[in-house]
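Just so you know, these numbers come straight off a predicted model, no measurement behind them.
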Amino acid sequence: MNWTLGEEFETPEGMVRWGVLGSGDPVVLVHGTPYSSFLWVDIAPALARTRTVFVFDHLGFGQSDQRGWRPLSWCSRSRCGRARAGARGALLLVPAAP
């Protein structure tokens, strides 16, 4: 399957790539480290049948800018998530560690 994130969001640290599928109540899919949004390749389309699904690659991963080392704290990640989701009241899905 071709998994392309067609949207961009510029941050001071680099370009974040993201995509949106479907319509309905919003959900944001967040990948963990060291993965990418490709983790959601089968799940996102299924959720998009009834929801608006936002997917993105953290800086340094997947299709987002990979200009050297990036801080990988939840705080730095959440800045990107807040910038995209805004005040939409989106449900946030994060994969749990094994």
What are the two closest non-hydrogen atoms of [X] and [Y], and how far apart are they?
X: F56; Y: H31; answer: O-CD2, 3.3 Å
X: G22; Y: T52; answer: O-OG1, 3.8 Å
X: M15; Y: E10; answer: CE-OE1, 2.9 Å
X: H58; Y: S64; answer: O-CB, 3.4 Å
X: A48; Y: V53; answer: N-CG2, 3.6 Å

Point-to-point distance, once rounded to the nearest 0.5 Å, from [atom1] of [X] to [atom2] of [Y]:
X: F9; Y: L59; atom1: CZ; atom2: CG; answer: 10.0 Å
X: R51; Y: L21; atom1: CZ; atom2: CG; answer: 14.0 Å
X: D25; Y: L47; atom1: CG; atom2: CG; answer: 12.0 Å

Test of understanding: clusters of I, L, V, M, F, W, Y form through side-chain heavy atoms closer than 4.5 Å, transitively. Do V41 and Y35 belong to the same one?
no
Answer yes or no: is there a donor N or O on one side and an acceptor on the other, between the side chain of [X] and the main chain of [Y], under 3.5 Å?
X: S36; Y: F61; result: no
X: T11; Y: E13; result: yes
X: Q63; Y: L5; result: yes

Tell me, please, which residues at least two apart from E8 pass side-chain hydrogen bond (donor to acceptor under 3.5 Å, both in side chains).
R17
Among all residues two or more places apart in sequence or in another chain, which pass the side-chain hydrogen bond (donor to acceptor under 3.5 Å, both in side chains) test with S37?
W3, D57
Evaluate the side-chain proximity of V20 to V55: yes if any heavy-atom separation is below 4.5 Å, no if none is.
no
